[in-house]
Number of protein chains: 2
Amino acid sequence: MDRETTRSGATLQDVAREAGVSLATASRVLNGSTRTVNDKYRRLVVDAAARLDYSPNLSAQATARGMTTTVALLVADIADPYFSSIADGVVSEADREGLIVQIAATGPEPARELELVRTLRGQRPRVMILAASRHSTHAAPALSDELASFEANGGRVAIVGGNELPFRTLPVDNAAGADALARALATLGYRRFAMIAGDEGLTTSDDRLRGFAAGLEGSGLTLDSERVVRSDFTRDGGYEGMRRLVEAGLDDIELVFAANDVMAVGALAALRDAGFEPGRDLAIAGFDDIPTVRDVTPALTTVRIPLDEVGRRALRLALDDFEPATTAAVPTAVVLRGSTPAISALTPRPPSGP
Amino acid sequence: MDRETTRSGATLQDVAREAGVSLATASRVLNGSTRTVNDKYRRLVVDAAARLDYSPNLSAQATARGMTTTVALLVADIADPYFSSIADGVVSEADREGLIVQIAATGPEPARELELVRTLRGQRPRVMILAASRHSTHAAPALSDELASFEANGGRVAIVGGNELPFRTLPVDNAAGADALARALATLGYRRFAMIAGDEGLTTSDDRLRGFAAGLEGSGLTLDSERVVRSDFTRDGGYEGMRRLVEAGLDDIELVFAANDVMAVGALAALRDAGFEPGRDLAIAGFDDIPTVRDVTPALTTVRIPLDEVGRRALRLALDDFEPATTAAVPTAVVLRGSTPAISALTPRPPSGP
DNA sequence: TTGACGCTGGAAAGCGCTATCCATCGTACC
DNA sequence: GGTACGATGGATAGCGCTTTCCAGCGTCAA
């Protein structure tokens with residue numbers, strides 16, 4: 001009845017005693033080792049462990065081994081479907097590897113990324129995956145230092161989508177995807193575009209903007225820089241961006257490209273609230289192909305990124321020992337849906353020009 | 001140039017040596033303690049730590065203290081907005097407390113919940129939050145045992161929404177919310193209902209079904225049990241459920257209540273694919289008020305649960321030392337939107353009856 | 001001047017586990 | 001029959017950190 005009696009919280013020591021073997025043997029049986037253990041002892045240990053409801057203390061293992069079984073994942077906002085889909089991929093792959101995922105969110109301030117990396121480093125995770133949309137210049141050197149010293153101590157780093165930091169990176173070809181989208185839209189007959197982009201310096205957004213403009217030029221068209229509005233990289237940012245476009249006059253715009261799907265969804269709402277019908281009065285396209293966009297009306301044209309695959313591959317990239325050759329970029333694919341009908345289906349609105 | 005030269009990975013020992021103080025003093029300065037340290041030494045230590053870029057090894061702290069700084073969160077599917085919104089709340093509140101969140105996902109098989117709890121227990125988290133929709137009977141005793149022994153060792157448990165397990169529970173009044181919804185819909189003039197529910201035994205779904213039926217009865221109406229179809233608790237499950245309802249004939253149905261929003265969104269799609277216009281030919285309502293449902297067309301009537309607040313409160317519930325009195329349930333609120341217009345706006349379809 | 005006492009550093013004993021090293025034993029080989 | 005060697009169990013020295021416990025010292029009251 002003393003407090004030792006409360007079962008569980010059993011330690012390996014307890015198991016060894018119960019089984020009548022040494023600590024070392026118990027450890028070898030229960031927690032893997034190169035050494036083999038005689039079946040007689042093995043059975044004793046396993047039974048004792050079961051009887052005591054033993055569960056290894058991962059923290060202790062970690063300090064002893066100097067290595068954890070955790071994966072740290074850094075995202076901007078876990079409630080955003082883009083990130084939660086990636087997280088899903090990371091979690092499921094980690095699960096296959098017997099690893100546990102720790103999630104941290106930077107929230108709207110990118111500066112927190114550095115701080116969080118620092119905190120997470122304390123956990124000595126096996127892998128650190130940075131998926132938070134990073135700003136190009138910001139605290140890059142400090143962040144880079146932090147990550148370098150993490151790697152110097154045996155940690156693995158994988159970065160999703162960026163490509164200016166000297167770490168294993170899973171390229172997402174944002175520029176190429178946006179380029180392909182632009183060409184596809186040109187083929188549909190669209191000629192006059194506007195874009196709702198994220199803040200300048202947000203690499204994801206910048207790449208998509210650049211790619212889109214390039215794709216248009218490749219089709220003999222242009223994206224007037226006056227027609228690019230900047231806004232938060234969120235649903236409400238998209239709403240606000242579209243609001244501003246409407247305010248400035250939509251007359252010479254046929255299609256609005258939002259730098260990501262959540263923004264596009266916000267734009268859709270803003271357009272409707274302004275009395276226009278998306279997909280009829282104005283076409284809209286997004287980027288990412290988050291699950292939601294199949295279900296809005298009209299369904300949204302977008303560039304598909306296989307997000308859960310991104311999560312899985314990011315983890316693999318960090319984990320695997322591989323030739324340091326460039327990793328193949330995640331394939332993107334244009335998905336045309338109802339929000340960008342053939343131009344002929346659009347209510348004709350005369351360009352403002354002569 | 002020897003491998004000791006690679007800076008970082010500095011240990012507390014290193015800091016102490018560098019500062020010329022004892023290990024104990026360094027520990028007291030850097031990692032909190034009741035003991036005060038002379039300012040002279042304090043400064044020495046802090047400076048040394050900064051110089052060496054020291055970052056405490058949380059695993060080691062955990063084994064020494066017998067207590068971690070992590071929160072384990074168990075969800076069914078992190079890509080589902082319901083769960084990711086809750087996760088968001090947990091993560092942000094944990095952040096305020098200096099805790100780190102570990103996420104595990106059971107996926108479609110509820111049986112994995114037990115297995116995951118067992119694994120997570122190995123981490124000795126400070127708190128374990130179970131948000132995965134639990135099935136009523138399933139492995140309840142085994143799970144209960146596991147959680148009990150976790151608590152016996154100082155862990156804290158919080159369960160979201162369920163209420164049959166003997167642990168701290170954050171009640172979500174699914175039944176009352178569904179009841180209120182039913183009454184609101186009755187007030188709008190609806191008389192003939194169907195429901196797309198989750199599998200029997202899934203408590204969340206069962207409670208909502210029960211509450212909805214009760215609310216209708218309170219309004220002098222009934223929910224014909226033949227009009228309740230069961231399906232997966234997912235978007236595709238909702239699609240499938242609606243498909244079956246359409247197949248069985250919609251003639252005497254005015255409104256379909258889906259047991260959660262993602263199902264409702266799937267139902268919306270199925271309805272459209274079958275050639276009907278939701279909100280005109282048939283009304284639809286969901287439950288949860290995930291962000292998406294504002295943006296589908298028509299916007300979805302639902303019962304709002306403040307999901308991020310649920311996450312935050314679940315963590316607080318686990319963390320706080322409080323009177324073991326019942327915790328106030330999370331308030332739910334009916335939100336009427338375009339998917340359930342006043343009945344007069346619905347295309348009249350004669351009931352199949354006489 | 002002498003204790004008693006509060007304050008603060010340091011030594012060292014763990015926390016639960018791993019991994020190295022040593023001891024023992026059985027077997028194969030000449 | 002003796003030796004070398006592979007197998008396998010046990011003792012034990014850590015892993016990085018916390019937290020007693022003890023010692024030294026300055027202070028204050030008697």
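Each chain gets a letter, A, B and so on, in the order the sequences are listed, and its residues count up from 1.
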### Message
Over all strands shown, is S27(B) touching base, sugar-phosphate only, or nothing at heavy-atom distances under 4.0 angstrom?
### Response
base
### Query
Going from CZ on R168(A) to CD1 on I159(A), what distance comes out if it is rounded to the nearest 0.5 angstrom?
12.0 Å
### Query
Just how far, in rounded Å, is P of dT24(C) from CG of N38(A)?
19 Å
### Summary
The answer to which of S59(B) and V37(A) contacts DNA chain D further toward the 5' end, by nearest nucleotide, is V37(A)
### Query
Going from CG on D320(B) to CZ on R156(B), what distance comes out if it is rounded to the nearest 0.5 angstrom?
8.0 Å
### Charged N-O contact under 4.0 Å between R96(A) and E93(A)
yes
### Message
Just N and O in the side chain of R35(B): are any of them under 4.0 Å from OP1 or OP2 of dT8(C)?
### Response
no
### Task
Only one of V75(B), L130(B), I129(B) passes side-chain contact (heavy atoms from CB on, under 4.5 Å) with V160(B); say which it is.
I129(B)
### Message
On the nucleotide dC17(C), are OP1 or OP2 found under 4.0 Å from the side-chain N or O atoms that Y54(A) carries?
### Response
yes
#### Entry: Nearest-nucleotide comparison on DNA chain D, the residue closer to the 5′ end among A60(A) and A24(B)
A60(A)
### Message
Of the options dG16(C), dT18(D), dG10(D), whose atoms approach the side-chain atoms of V21(A) most closely?
### Response
dG10(D)
### Query
Starting at CE of M67(B) and ending at P of dT19(D), how long is that distance when rounded to a whole Å?
11 Å
### Task
Would you kindly say whether R124(A) and S55(B) are connected by a side-chain donor-acceptor distance under 3.5 Å?
yes
### Task
Figure out the CG/P separation between L12(B) and dC15(C), and round it to whole Å.
19 Å
### Phosphate OP1/OP2 of dT18(D): any N31(B) side-chain N/O under 4.0 Å
yes
### Query
Is the closest basic N to carboxylate O distance between R112(B) and E115(B) below 4.0 Å?
yes
### Task
Could you state the atom-to-atom distance from CZ of R124(A) to P of dC17(D) in whole Å?
7 Å
## Note on the structure
Output for pair (S92(A) OG, I78(B) CD1), nearest 0.5 Å, gives 12.0 Å
### Query
Does the side chain of V37(A) reach to within under 4.5 Å of the side chain of V45(A), using non-hydrogen atoms?
no
### First of Q13(A) and T25(B) reached from the 5' end of DNA chain C, by closest nucleotide
T25(B)
### Query
Choosing from dT18(C), dC17(D), dG9(D), which nucleotide comes nearest the side chain of Y41(A)?
dG9(D)
#### Entry: For atom NZ of K40(B) and atom P of dG9(C), their distance in whole Å
8 Å
### Terminal axis angle for the helix from dT1(C)-dA30(D) to dC30(C)-dG1(D), five pairs an end, nearest 10 degrees
40°
### Query
Base, sugar-phosphate, or nothing: which does T36(A) touch, judged by heavy atoms less than 4.0 Å apart?
sugar-phosphate
### Query
T63(B) near the nucleic acid: base, sugar-phosphate alone, or nothing, with a heavy-atom cut-off under 4.0 Å?
base
### Query
Whole Å only: how far is the CG atom of L23(A) from the C1' atom of dT18(C)?
9 Å
### Query
What about R28(A): does its side chain form a donor-acceptor pair under 3.5 Å with the base of dG10(D)?
yes
### Task
Grab the CG-P distance between N57(A) and dC17(D) for me, whole Å please.
16 Å
### 5′-ward residue of the pair G20(B)/S55(A) relative to DNA chain C
G20(B)
### Query
What is the distance, rounded to the nearest whole Å, between atom CZ of R65(A) and atom P of dG16(D)?
15 Å
